[in-house]
Amino acid sequence: MLLQPLWTFLLGHASLLHSPVFPVVFSLSVYLSFCVPFLLLDLLSSRWALLRRYKLQPQSSISWASVRSCLALTLYNHLVFIFPLTVMHWYLRPAHLPAQAPPLHRLLAQVLVCLLLFDFQSFTWHLLHHRVPWLYRTFHKVHHTYTSTSALTTEYSGAWETLSLGLFAAANPVLLGCHPLTEFTFFMVNIWLSVEDHCGYDLPWATHRLVPLGLYGGARHHDLHHLKSKYNYAPYFTHWDQLAGTLCTRHD
């Protein structure tokens with residue numbers, strides 16, 4: 001099988017995969033690694049017009065104060081809320097690492113299904129937290145502190161939002177009976193797409209340019225949501241917003 005050498009390599013580090021701290025370290029390291037290229041773009045675009053033309057809001061710029069604030073809240077949520085829950089999960093449901101890797105076609109299919117499920121769950125959660133004023137004020141307003149998106153604003157949210165979306169992401173592979181390698185792949189793809197959604201750039205190789213027929217919203221889609229909070233509630237795909245009449249595709 002194509003994935004067996006990779007899975008065999010990972011099994012060689014089984015003690016790390018079984019560690020109670022692995023989920024938090026994995027999540028944080030992957031997230032911050034994906035943010036770094038966009039932070040470099042933010043630094044360079046302030047000096048080079050060639051890069052700045054790809055910014056969705058060219059007049060905006062990030063500050064070191066906002067970087068510190070976003071990092072502080074992300075670390076706080078991971079250490080105070082996510083870490084205790086992952087330790088409890090580690091204790092109650094120890095990881096099972098099978099000897100065989102999954103077939104590539106099954107991994108790809110299950111990752112896509114996980115993304116579609118997460119997209120629906122997030123759309124429903126997001127729409128509800130915008131339509132019910134108390135939910136918005138109490139839980140979701142923090143994420144809308146910044147009307148101009150940047151990579152580190154991806155996880156700038158309160159504990160309830162962080163845990164809710166984290167639960168959706170963690171539960172879907174379990175519900176589908178996914179192989180651990182499929183789980184890791186889905187988590188990495190999901191984190192990447194979330195960061196790309198908030199990066200603030202419409203790059204030539206962006207995911208929404210690779211997926212045909214306008215089926216995927218991407219950074220332009222989500223940036224419009226932060227500008228016009230009555231539209232574009234789905235994080236990735238556009239079909240739920242089309243059905244709900246909440247799709248907006250233009251920066252006015």
Side-chain angles (χ1 to χ4, degrees), residues 31 34 56-57 107-149 151 153-158 160-176 178 182-183 185-203 206-252:
Y31 171 64
F34 288 161
L56 290 164
Q57 298 184 45
L107 180 146
L108 294 176
Q110 288 185 326
V111 167
L112 177 59
V113 173
C114 284
L115 285 173
L116 289 169
L117 282 173
F118 181 81
D119 193 63
F120 169 70
Q121 293 157 341
S122 297
F123 169 80
T124 305
W125 187 99
H126 201 180
L127 182 65
L128 184 65
H129 282 70
H130 272 270
R131 294 293 172 85
V132 179
W134 179 80
L135 290 176
Y136 180 82
R137 290 194 309 270
T138 308
F139 299 115
H140 188 52
K141 187 176 180 181
V142 173
H143 186 64
H144 281 271
T145 300
Y146 300 100
T147 55
S148 175
T149 55
T153 63
T154 305
E155 294 193 2
Y156 192 82
S157 55
W160 169 248
E161 181 165 352
T162 299
L163 294 176
S164 298
L165 300 183
L167 176 63
F168 298 150
N172 290 336
V174 176
L175 292 173
L176 293 176
C178 293
T182 306
E183 289 189 56
T185 305
F186 165 63
F187 293 153
M188 292 180 70
V189 171
N190 196 38
I191 293 171
W192 166 256
L193 294 179
S194 296
V195 170
E196 188 189 47
D197 260 9
H198 291 83
C199 72
Y201 291 89
D202 186 5
L203 297 167
T207 305
H208 72 274
R209 294 185 177 277
L210 304 177
V211 178
L213 305 176
L215 297 174
Y216 188 88
R220 287 184 62 85
H221 181 87
H222 198 67
D223 188 73
L224 279 166
H225 172 72
H226 278 260
L227 283 171
K228 308 173 181 183
S229 61
K230 295 182 179 180
Y231 302 98
N232 299 353
Y233 297 110
Y236 305 141
F237 302 97
T238 57
H239 54 276
W240 292 115
D241 281 302
Q242 287 179 329
L243 290 170
T246 54
L247 182 65
C248 179
T249 59
R250 293 180 56 189
H251 283 75
D252 295 329

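- Closest heavy-atom contact between Cys248 and Lys228: SG-NZ, 4.0 Å.
- Note: Trp134 and Phe139 meet the aromatic proximity criterion, with ring centroids under 6.0 Å apart.
- Tested against Tyr236 for a side-chain contact (heavy atoms from CB on, under 4.5 Å), the candidates Val211, Asn190, Thr207 yield a single pass: Asn190.
- A donor-acceptor contact shorter than 3.5 Å is absent between the side chain of Tyr31 and the backbone of Val195.
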Kindly determine whether Tyr231 and Asp241 satisfy side-chain contact (heavy atoms from CB on, under 4.5 Å), including the steps that lead there.
CA-CA 8 Å; Tyr231 302 98; Asp241 281 302; over 6 Å; no
Derivation of the side-chain contact (heavy atoms from CB on, under 4.5 Å) call for Phe186 and Cys178:
CA-CA 10 Å; Phe186 165 63; Cys178 293; over 6 Å; no
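- Of all heavy-atom pairs spanning Ala169 and Phe187, the tightest one is O-CE2, 3.4 Å.
- Distance check, rounded to the nearest 0.5 Å: OG1 of Thr185 to CG of Leu107 gives 4.5 Å.
- Note: His130 and Tyr136 meet the aromatic proximity criterion, with ring centroids under 6.0 Å apart.
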Check the pair Asp202 / Arg209 against side-chain contact (heavy atoms from CB on, under 4.5 Å), numbers first and verdict last.
CA-CA 9 Å; Asp202 186 5; Arg209 294 185 177 277; 3.0 Å; yes
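- Annotation for Trp160: atom CH2 does not count as buried by contact number, only 12 or fewer foreign heavy atoms lying within 6.0 Å.
- Side-chain rings of His225 and His144 approach one another, their centers coming within less than 6.0 Å.
- When every heavy atom of Gln110 is checked against every heavy atom of Leu176, the shortest pair comes out as NE2-O, 3.6 Å.
- Among all heavy-atom pairs drawn from Gln57 and Thr147, the shortest one is NE2-O, 3.1 Å.
- For the pair His221 (side chain) and Tyr216 (backbone), a donor-acceptor distance under 3.5 Å is absent.
- Looking only at distances, a side-chain donor or acceptor of Asp119 sits under 3.5 Å from a matching main-chain atom of Phe237.
- With contacts defined as side-chain heavy-atom distances shorter than 4.5 Å, the pair Arg220/Leu56 qualifies.
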Evaluate Leu247 against Asn232 for side-chain contact (heavy atoms from CB on, under 4.5 Å), listing each step before the verdict.
CA-CA 5 Å; Leu247 182 65; Asn232 299 353; 3.7 Å; yes
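- Side-chain contact, Tyr233 with Ser122: no donor N or O sits under 3.5 Å from an acceptor N or O.
- Here the side chain of Thr238 pairs a donor or acceptor atom with the backbone of Leu215 at under 3.5 angstrom.
- Side-chain atoms of Asp223 never come within 3.5 Å of backbone atoms of Gly200 as a donor-acceptor pair (strictly under, hydrogens ignored).
- Checking Trp240 against His126 by side-chain atom types alone, no donor-acceptor pair falls below 3.5 Å.
- Residues Glu183 and Pro173 approach most closely at CG-CB, 3.4 Å, considering heavy atoms.
- Side chain of Thr149 to backbone of Asp197: no donor-acceptor contact under 3.5 angstrom is found.
- At a threshold of 4.5 Å between non-hydrogen side-chain atoms, the residues Leu117 and Phe120 do not count as touching.
- Side chains of Leu193 and Leu115 form a contact here, defined as non-hydrogen atoms less than 4.5 Å apart.
- Side-chain N/O atoms of His143 and His198 include a donor and acceptor closer than 3.5 Å.
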